[in-house]
Amino acid sequence: MSANNAPEPRYWEKLRLIAATLKAVEGPVVIIAHEDPDGDALGSTLGLYRALKKLGKEAIWIMDPPRFLRFLPKEEEYHPPLERLPENATLVVLDAGDRDRAVGAPVEGFVINIDHHGSNSRFGQLHLVDPTRPAVAMMVKDLIDLLEVPWDPEIATPVLTGIMTDTGFFKNTNTTPEVFRVAAELVEHGVAYAELADRLSWRPPEYFKLTSLVLGTVAFHFGGLLVTAHVTRSMVEEAGAAEEDSDDFVGLLKTAEGSVVAVFFKEREDGVKVSIRSKNGVSAQRIALALGGGGHVPAAGATLPGLDLEAAYPKVLAAVEAELRRVGLLP
Ligand SMILES: [Mn+2]
């Protein structure tokens with residue numbers, strides 16, 4: 001797998017075509033995102049779902065949200081996963097780097113694929129992939145503007161959530177001036193910003209217990225250029241936590257002074273999942289691609305099936321070492 005990280009030159013042309021298609025749709029529009037949904041996956045799909053409903057469309061939103069995002073949707077908005085698509089359906093897949101990563105419904109029939117992962121395979125009848133966009137929620141914001149749906153807080157709140165989470169709460173390198181302009185516009189549409197920011201940072205007591213166990217595994221490599229930590233299934237059990245409670249540890253690791261790569265390992269039943277963050281010209285995406293995964297230049301991930309932690313560490317360290325050599329940080 002390789003990555004095309006160039007901006008999409010036909011961004012507006014493609015988005016206008018997608019908007020016109022959705023406006024003309026008569027059957028149901030099924031909206032799904034990637035597995036292990038994050039704030040962008042949930043926020044962009046829920047925002048588009050609410051906008052299409054407001055437009056009078058029959059929309060179906062399929063999502064299994066992590067606990068920290070469960071306050072956003074209303075109970076009646078959930079739809080169970082579909083084994084087959086309804087007659088005459090249009091499928092919208094958001095934020096999913098590949099068709100295999102999309103969950104909730106089979107990726108078949110007429111598919112609209114909107115994403116910002118450079119490694120996206122550009123699947124679907126209509127696809128718009130722009131790796132220079134900080135969040136798919138930014139693209140959905142443009143799409144909702146083109147659909148001419150009047151903004152309200154119910155639509156603006158999940159869209160802003162996607163932007164906040166994919167920019168690391170306005171801290172990552174993808175936090176462009178445009179991000180602030182769009183965020184300001186969404187706040188003007190009635191988002192209760194301070195309340196949303198507070199609510200998004202809530203963590204259950206088990207999270208703190210798990211944090212104490214995970215911090216015991218922090219290790220530095222290559223003279224401190226790489227910082228790693230891991231979570232095992234028994235730690236999750238001991239803390240009484242959910243697997244998703246370890247989702248943002250990689251964000252904590254990357255604050256280690258002097259490091260340019262942070263890798264967090266998650267032990268799973270069938271292998272190991274790694275989350276990778278990088279800075280200063282180092283590409284997390286290249287490291288992930290070398291491990292069979294994908295993602296963005298500063299944030300990427302991979303799944304190593306069939307490996308335990310002991311086997312995963314040297315494999316990942318070798319991939320990081322190769323990238324550190326490529327950029328000249330190691331001889
Ligand atoms: Mn995203």
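Atoms within a ligand are numbered from 1 in the order they appear, just like the ligands themselves. One-based numbering along the sequence shown.
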Of the N, O or S atoms in Asp166, the one nearest the Mn ion (ligand 1): OD2
Please confirm if an N, O or S atom belonging to Asp38, backbone or side chain, lies less than 2.8 Å from the Mn ion (ligand 1). no
min-distance N/O/S atom, Asp40 vs the Mn ion (ligand 1), resolves to OD2
Kindly write out the residues that satisfy salt bridge (charged side-chain N to carboxylate O under 4.0 Å, His left out) with Asp247, not counting sequence neighbours, or none if the list is empty. Lys266
Nearest to the Mn ion (ligand 1) - the N/O/S atom of Asp95, by atom name: OD1
Establish, yes or no, whether a centroid distance under 6.0 Å links the rings of Trp202 and Phe68. no
So, Lys141 and Glu185, do they make that salt bridge, N to O below 4.0 Å? yes
Leu186 side, atom CG; Leu160 side, atom CG - distance, nearest 0.5 Å: 5.5 Å
Distance (rounded to the nearest 0.5 Å) between Asn113 CG and Phe123 CZ: 3.5 Å
Any N/O/S atom from His116 (main chain or side chain) under 2.8 Å of the Mn ion (ligand 1)? yes
The Mn ion (ligand 1) to Asp115: any N/O/S contact under 2.8 Å? no
